Amino acid sequence: MQNFLHLPRKSKPFLAAWALLVLTTAISFTDAQAVPSFTRQTGAACSQCHTQSFGPNLTPFGRDFKLGGYTMTGGSGANANLPPISAMIEGSLTHTDKDQDPANFDQAGYDKNDNFTFDQASLFYAGKVYGKVGAFSQFTYDGYADGVAWDNADIRYSDQTELMDKPITYGISLNNSPTVQDLWNTTAAWGFPYNGSALQPGIATAALIDGALGTSQVGGATAYTMIDNLLYLEAGAYDSFSNDLQGALAGAVPGGYIKLDGPAPYWRTALQYDTKGHFFAVGHYGMSADVLLPNTLGDASNGADHYTDIAFDATYQYMANPKHIFEVKTTFIHENQNLSVSRNGGTGNTELDTFKFNGAYTFDQTYGVTFAYNKLYGSRNGNVYPDSVSFKPNSEYYTAELVYVPFGKSGSAWAPWLNLRTSLQYIGYSQFDGATQFVNGNNTFMLNGWLAF
């Protein structure tokens with residue numbers, strides 16, 4: 001996000017302890033399971049949890065598994081007792097309608113166009129840790145940046161009870177990015193598109209809650225409950241890791257990541273209903289945060305900018321016939337930005353709105369097609385968006401994707417050891433960072449390969 005490029009902060013001892021707890025959990029137990037290992041732990045095929053048999057998009061069963069803290073069991077034999085380690089690799093070929101300037105790439109060695117990137121290699125430790133504690137923890141080598149980082153992490157305690165004969169699931173999540181713990185694929189952490197390339201052109205602005213905080217910049221704790229499989233409630237807060245801890249976890253240079261001035265409240269509510277293969281969900285989530293000025297190394301004496309994000313989302317899935325799965329998801333985020341501190345009182349309140357919509361069809365949980373539309377628009381302000389020709393952040397684009405997943409079903413070859421997702425993706429722009437002319441040069445075609453084992 002262009003407002004959040006270099007924002008430092010002092011270390012927080014309790015966050016260091018929190019991170020140590022998470023890292024200790026992620027490396028000290030030996031009886032949990034990880035991504036393909038979830039299949040070994042539960043005895044369920046990947047297609048039971050994922051609509052396309054692979055990738056973040058979850059079925060109702062997959063959401064229940066995550067809600068329960070990754071602790072569901074049911075596997076048998078030697079596979080169920082194997083170490084809780086899995087891995088994945090991703091690569092892509094990227095072509096843009098107009099040649100890019102290699103000088104703008106962060107890394108040397110790439111051509112103007114038609115570049116292959118080894119995007120990442122990840123090691124997972126995930127599944128049941130002990131009793132009612134489970135984890136999803138990912139450590140990633142970034143092939144473009146040539147660095148290792150602590151990626152997505154969600155450590156949970158979950159339990160169940162009843163109230164007036166209504167089942168209640170409740171728990172606590174320790175995680176390292178807002179929405180990484182979310183159950184629905186409408187939020188930044190797990191929303192479409194599910195993969196990409198570091199070489200594809202990208203818009204410069206995003207709402208704070210829509211991925212601007214990334215992973216390993218903050219740590220958070222939230223408490224949640226699901227009442228009668230109908231009403232979901234969650235609340236908690238996030239705060240920044242210290243510069244040193246960010247450097248250790250994400251390779252961050254001090255001053256190179258967002259820094260929060262104190263805990264930032266986060267909340268989530270949702271209503272869901274699943275009947276005869278039709279799944280509906282509507283929800284609301286949000287965050288309120290004070291963000292320190294860039295390059296102050298945590299000095300809050302000059303105050304902080306304030307951001308309030310309010311979001312609404314909805315999901316529909318047709319799951320009655322697994323041969324033909326239909327899905328529709330949408331999200332709207334409104335962000336109010338009070339930038340009077342960083343802009344010396346010259347901007348006051350500005351606004352940023354994000355709208356996302358995507359529809360998907362999957363045949364036999366093997367072949368999939370998705371079409372998505374995204375629009376981002378905000379206040380005109382030359383101080384906030386000086387690099388935009390219109391002094392606005394506005395961008396509008398669509399994404400079309402074809403997917404082939406050959407494995408992951410019951411009886412598939414290599415189950416439960418191997419899964420593969422291949423995709424063709426095209427992104428077309430009608431507006432890019434405030435510009436409307438000559439923006440189709442940013443249109444991007446990508447061929448992606450994603451292997452988990």
Side-chain angles (χ1 to χ4, degrees), residues 35-36 46-47 50-57 86-102 104-122 138 140-146 151-152 185 190-203 211 325 327 356 358-374 395 397-409 412-414 418-430 432 439-453:
V35 182
C46 298
S47 57
H50 305 277
T51 59
Q52 294 179 342
S53 301
F54 187 33
N57 203 39
S86 283
M88 77 176 188
I89 56 175
E90 289 186 56
S92 58
L93 176 67
T94 304
H95 170 83
T96 53
D97 283 8
K98 181 181 178 180
D99 288 346
Q100 301 184 72
D101 184 355
N104 294 330
F105 297 151
D106 295 330
Q107 303 294 333
Y110 291 100
D111 297 326
K112 295 179 180 180
N113 217 330
D114 301 323
N115 287 293
F116 172 79
T117 51
F118 174 58
D119 295 315
Q120 68 179 58
S122 292
Q138 178 182 2
T140 296
Y141 168 75
D142 186 327
Y144 176 74
D146 192 24
D151 210 332
N152 300 307
N185 295 98
W190 306 115
F192 181 85
Y194 308 124
N195 55 359
S197 166
L199 295 183
Q200 68 187 91
I203 60 176
I325 296 176
E327 301 177 86
K356 302 180 181 182
N358 72 77
Y361 167 69
T362 303
F363 174 70
D364 201 23
Q365 295 186 272
T366 303
Y367 307 93
V369 56
T370 302
F371 181 85
Y373 170 80
N374 289 58
S395 293
Y397 58 97
Y398 67 87
T399 304
E401 183 182 70
L402 297 175
V403 171
Y404 173 56
V405 181
F407 309 123
K409 277 72 68 178
S412 290
W414 306 103
L418 185 70
N419 213 335
L420 174 68
R421 185 182 192 271
T422 60
S423 64
L424 297 174
Q425 188 179 112
Y426 186 80
I427 305 171
Y429 293 90
S430 57
F432 190 94
V439 297
N440 57 357
N442 297 301
N443 294 357
T444 304
F445 171 83
M446 284 184 293
L447 171 65
N448 302 105
W450 190 355
L451 179 68
F453 51 93

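FYI, the numbering just counts along the sequence from 1. Only this structure's heavy atoms are used, side chains among them; waters, hydrogens and symmetry mates stay out. Given the structure is predicted, the values throughout are model-derived calculations rather than measurements.
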* **Chi angles and distances behind the side chain to side chain contact (heavy atoms under 4.5 Å, CB included) call for Q120, M88** => CA-CA 8 Å; Q120 68 179 58; M88 77 176 188; 2.8 Å; yes

* Look at the rings of Y398 and Y426 and say which category their plane angle falls in: under 30° parallel, 30 to 60° tilted, over 60° perpendicular. => tilted

* Structure fact -> On a heavy-atom basis, the closest approach of Q425 and P193 is NE2-CB, 3.8 Å

* Structure fact -> What one should report as the nearest heavy-atom pair of A198 and D119 is N-OD1, 4.3 Å

What's the spacing between [X] [atom1] and [Y] [atom2] if we round to 0.5 Å?
| X | Y | atom1 | atom2 | value |
| --- | --- | --- | --- | --- |
| H95 | F445 | NE2 | CZ | 9.0 Å |
| N440 | F432 | CG | CZ | 12.0 Å |
| L424 | Y404 | CG | OH | 13.0 Å |
| S197 | L447 | OG | CG | 11.0 Å |
| F116 | L199 | CZ | CG | 11.0 Å |
| C46 | F407 | SG | CZ | 11.5 Å |

Evaluate the side-chain proximity of [Y] to [X]: yes if any heavy-atom separation is below 4.5 Å, no if none is.
| X | Y | value |
| --- | --- | --- |
| M446 | I427 | yes |
| P201 | T444 | yes |
| S92 | N195 | no |
| Q100 | F105 | yes |
| N152 | W190 | yes |
| V403 | T422 | no |

Between [X] (side chain only) and [Y] (backbone N and O only), is there a donor and an acceptor less than 3.5 Å apart?
| X | Y | answer |
| --- | --- | --- |
| Q365 | Q52 | no |
| N419 | S53 | yes |
| D364 | T366 | no |
| N443 | T96 | no |

* To do: Could you go through the side chain to side chain donor-acceptor pair (under 3.5 Å) check for T370 and E401 one step at a time?
  => CA-CA 5 Å; T370 302; E401 183 182 70; 4.6 Å; no

* To do: Run the ring-centre check on Y194 versus F192 and record whether the distance is less than 6.0 Å.
  => yes

* To do: State whether a side-chain donor-acceptor pair under 3.5 Å links N57 with T51.
  => yes

* What do the steps show when you test Y397 against V439 for side chain to side chain contact (heavy atoms under 4.5 Å, CB included), and what is the final call? -> CA-CA 10 Å; Y397 58 97; V439 297; over 6 Å; no

* Asked: If you count the non-hydrogen atoms of other residues, nucleotides and ligands that lie under 6.0 Å from OH in Y367, is the total more than 12?
  -> no

* Under the side chain to side chain contact (heavy atoms under 4.5 Å, CB included) rule, what do Y361 and I325 come out as? Steps first, then yes or no, please. => CA-CA 6 Å; Y361 167 69; I325 296 176; over 6 Å; no

